[in-house]
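To start, the structure itself, in structure tokens.
Everything quoted here is computed from the prediction, not taken from an experiment.
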Amino acid sequence: MKKIAIVGAGPTGIYTLFSLLKLNTPLSVTVYEQAEEAGVGMPYSDEDNSRMMLANIASIEIPPLFSTYLAWLRTQSEAHLARYGVQKSTLHDRQFLPRILLGQYFRDQFQTLIAQARKQGFEITVQESCQVSDLLASAEGVSIWTDGKLTPDQFDLAVIATGHVWPDEDTSPRDFFPSPWSGLMEASIGAGKVGILGTSLSGLDAAMAVAVQHGKFIETDDEQIHYRLDEKSEALKIVLMSRSGILPEADFYCPIPYEPLTVVTETAIEAAIQQGTTGLLDRVFMLMIEELTQADPQWSKAIALDTLTADSIRDAWFADRQKHGPFRWAVSNLDEVERNKRDHRTLPWRYTVLRLHEAVEKIVPYLDETDRERFKTGLARVFIDNYAAIPSRSVRRLLALREAGIISIEALGNEYELTAEGNRTVIHAEGKRWIFDTFIDARGQKALKSKDLPFPSMREQLVSAGEDIPDVGDDYTLLAPEYLRGRIAFGALPYLMHDRPFVQGLVACAEIGEAMAKAAVQPASRVRRRLPLMAE
């Protein structure tokens with residue numbers, strides 16, 4: 001049998017194994033997972049999340065494995081679901097539920113996968129609590145070392161599915177958390193001044209993780225939420241910060257699966273690319289204007305869409321939020337989206353932008369340096385805001401903290417400075433100064449390069465060959481150095497974000513897993529376009 005290693009047993013690793021089974025070619029597969037339980041994934045583990053933290057993806061959007069997420073939930077006991085604040089009688093496929101529950105679903109599906117693989121004649125080995133310390137590929141195969149062992153395991157193909165990567169908390173001061181997943185869940189946060197950099201769902205989750213240590217959210221049957229602060233925690237003050245100081249939208253109703261676009265089609269995007277790098281971003285933006293005008297002429301006229309550019313669209317998009325302030329706007333937005341959900345009403349402009357981000361992302365590798373920077377500061381901000389809409393329940397909890405006088409939001413502007421003074425964190429911005437007893441960086445995953453790889457030998461192979469970012473084919477196998485071809489399928493999301501800035505989420509995990517599984521049987525010959533790195 002061909003010997004396959006899967007490094008990482010989170011969603012990408014799970015979907016890869018699932019796709020291998022569908023190919024129906026028995027293989028010898030070894031799964032390496034550094035956590036105690038394979039098949040959960042860091043974003044959904046009970047070690048890195050509290051029960052308050054909600055996944056911003058619902059069952060209807062999650063690529064199913066042996067069962068849909070909703071079907072699995074309905075097999076759980078009422079008592080088990082109640083531990084996470086979920087009523088079995090109210091389950092539906094557009095519901096946002098605690099991340100930990102989603103982790104349990106993936107763990108269950110992974111165990112079913114292992115059993116099914118063995119029935120199909122696969123040889124399966126799962127190594128949990130097992131850290132891959134090094135990886136070396138050659139024309140003959142792949143050597144993998146674990147936990148400092150001197151003798152490596154040998155494979156024909158290694159699938160890298162290591163998922164998100166966060167800074168090591170050991171390198172930071174005791175009261176500075178470089179991400180919400182770097183020890184925050186186990187830490188005892190004092191009732192003092194807490195700063196959180198980032199106003200997306202990760203930032204809100206970090207605020208909730210702190211708040212539940214000092215009080216309690218009280219939720220009523222009519223979906224009203226209040227926060228009761230403990231008597232000894234009156235000094236607790238949480239400040240959410242970002243460059244703009246705005247909040248994301250609450251998740252909105254739209255048809256799923258997505259309806260096709262009529263103007264910004266794959267053919268239209270490829271035609272725009274074929275015309276050359278010069279002017280590509282602006283050509284595609286004109287296509288976007290046409291698509292949006294057809295979909296929602298009233299909204300397009302209201303924001304004067306025909307006068308906007310790929311640069312000015314961002315300011316027009318966020319203008320209403322800037323005008324009304326974050327909390328007042330959040331109340332209005334929440335009321336609107338909940339009303340639309342009840343009426344099954346879709347706002348065409350919102351839905352169109354949601355579908356546009358995947359289509360337009362394809363031009364990123366072809367943009368010149370100037371236009372890539374324009375895209376990053378303009379359209380990308382609009383797309384990310386749109387697809388990263390957050391659960392309504394998270395908005396209600398945030399508003400409850402506001403009502404209790406616990407939380408505020410500050411806009412830092414484009415230029416701010418973050419420094420440390422002893423165990424405290426200080427931020428200077430816009431002529432103001434904030435001092436925090438505890439600080440959490442919740443800005444999300446950053447794109448990584450070959451030099452950031454945790455495997456020394458593989459890192460040296462890529463860097464010495466001039467591969468600043470891993471160059472992969474359609475099946476995600478490494479294309480360079482030449483002697484590595486067909487030996488490593490590289491599906492670690494942070495390293496793919498340079499030319500696919502929106503490559504996050506479970507749908508992407510499933511698509512990448514399916515592509516990498518094909519590499520185990522027949523490596524692809526078509527090469528994805530390489531993205532030249534921008535200067536630091």
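- Taking the ring centre of Y84 as origin, the terminal cationic atom of R51 falls inside the region bounded by 6.0 Å and 45° from the ring axis.
- When atom types are taken as modelled, the side chain of Q445 and the backbone of H164 share no donor-acceptor pair closer than 3.5 angstrom.
- With respect to D46 and R99, no salt bridge is recorded, no charged nitrogen being found less than 4.0 Å from a carboxylate O.
- Distance alone, capped at 3.5 Å, places no donor-acceptor pair between the Q322 side chain and the A319 backbone.
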(request) With salt bridge (charged side-chain N to carboxylate O under 4.0 Å, His left out) as the test, would you mind laying out the steps for D437 and K237 before giving the verdict? (result) CA-CA 10 Å; D437 303 305; K237 296 294 179 183; over 6 Å; no
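- Evaluation of the ring pair (Phe, Tyr, Trp, His ring centres under 6.0 Å) rule for W72 yields Y105 as partners, not counting sequence neighbours.
- Remark: the backbone N or O of L453 is paired with a side-chain donor or acceptor of R459 at under 3.5 angstrom.
- Side-chain atoms of Q34 do not come within 3.5 Å of backbone N or O of G8 as any donor-acceptor pair.
- The residues D311 and R374 are annotated as salt-bridged, a charged nitrogen and a carboxylate oxygen being separated by less than 4.0 angstrom.
- With respect to K232 and D230, no salt bridge is recorded, no charged nitrogen being found less than 4.0 Å from a carboxylate O.
- Comment: R321 engages D385 in a salt bridge, judged by a side-chain N to carboxylate O separation of less than 4.0 angstrom.
- Rounded to the nearest 0.5 angstrom, L462 CG and S457 OG are separated by 11.0 Å.
- When L201, D205, N56, L247 are each tested for a side chain to side chain contact (heavy atoms under 4.5 Å, CB included) with I390, only one passes: L201.
- Using cut-offs of 30° and 60° for the angle between ring planes, the F106 and Y15 rings count as perpendicular.
- No side-chain donor-acceptor contact under 3.5 Å links T12 to the backbone of G513.
- Partners of R339 according to the side chain to side chain contact (heavy atoms under 4.5 Å, CB included) rule, which considers only residues two or more places apart in sequence or in another chain, are D335, E336, R342, D343.
- For the atom pair CG of L334 and CD of E249, the computed distance is 11.5 Å after rounding to the nearest 0.5 Å.
- No side-chain heavy atom of R328 sits less than 4.5 Å from a side-chain heavy atom of S332.
- The existence of a salt bridge linking K341 and E338 is confirmed by a sub-4.0 Å separation between a basic side-chain nitrogen and an acidic carboxylate oxygen.
- A salt bridge does not link R94 with E61: every distance from a Lys NZ or Arg NE/NH1/NH2 to an Asp or Glu carboxylate oxygen is 4.0 Å or more.
- At least one donor-acceptor pair under 3.5 Å links the side chain of S450 to the backbone N or O of E467.
- Annotation for K432: atom NZ does not count as buried by contact number, only 12 or fewer foreign heavy atoms lying within 6.0 Å.
- At least one donor-acceptor pair under 3.5 Å links the side chain of S133 to the backbone N or O of W145.
- When side chains are defined from C-beta on, V426 counts as touching R433, because their heavy atoms get closer than 4.5 Å.
- Ionic pairing of R393 and E219 is present here: one or more N-O contacts between side-chain nitrogen and carboxylate oxygen are shorter than 4.0 angstrom.
- Put simply, the side chain of Q213 gets close to the backbone of A187: a donor and an acceptor are under 3.5 Å apart.
- The side chain to side chain contact (heavy atoms under 4.5 Å, CB included) test with L204 singles out one residue from I196, L54, L240, and that residue is L240.
- A55 approaches F96 most closely through the heavy-atom pair O-CD2, 3.3 Å.
- In this view, Y32 satisfies the ring pair (Phe, Tyr, Trp, His ring centres under 6.0 Å) rule with no residue, not counting sequence neighbours.
- Annotation for K449 and I469: closest pair CG-CG2, 4.2 Å, computed over non-hydrogen atoms.
- Proximity of a side-chain donor or acceptor of H214 to a complementary backbone N or O of I189 within less than 3.5 Å is detected.
- Taking the six-membered ring where the residue is Trp, F502 and F375 present tilted rings, their angle falling between 30° and 60°.
- The nearest pair of heavy atoms linking D499 to V364 is O-CB, 3.9 Å.
- Ring centroid separation for the pair F177 and F439 does not come in under the 6.0 Å cut-off.
- The structure places CZ of R402 at 13.0 Å from CD1 of I238, a figure rounded to the nearest 0.5 Å.
- Q131 contributes no side-chain N or O that, together with a main-chain N or O of D147, makes up a donor-acceptor pair within less than 3.5 Å.
- Residues E37 and R107 are in side-chain contact: their nearest non-hydrogen atoms beyond the backbone lie under 4.5 Å apart.
- Under a cutoff of 6.0 Å and an axis angle of 45°, R355 and Y351 form a cation-pi pair.
- Atom CD of Q87 has 12 or fewer neighbouring heavy atoms from other residues, nucleotides or ligands inside a 6.0 Å radius.
- Other residues, nucleotides and ligands contribute at most 12 non-hydrogen atoms within 6.0 Å of the CZ atom of R424.
- Nearest heavy atoms, S45 versus I100: O-CG1, 4.1 Å.
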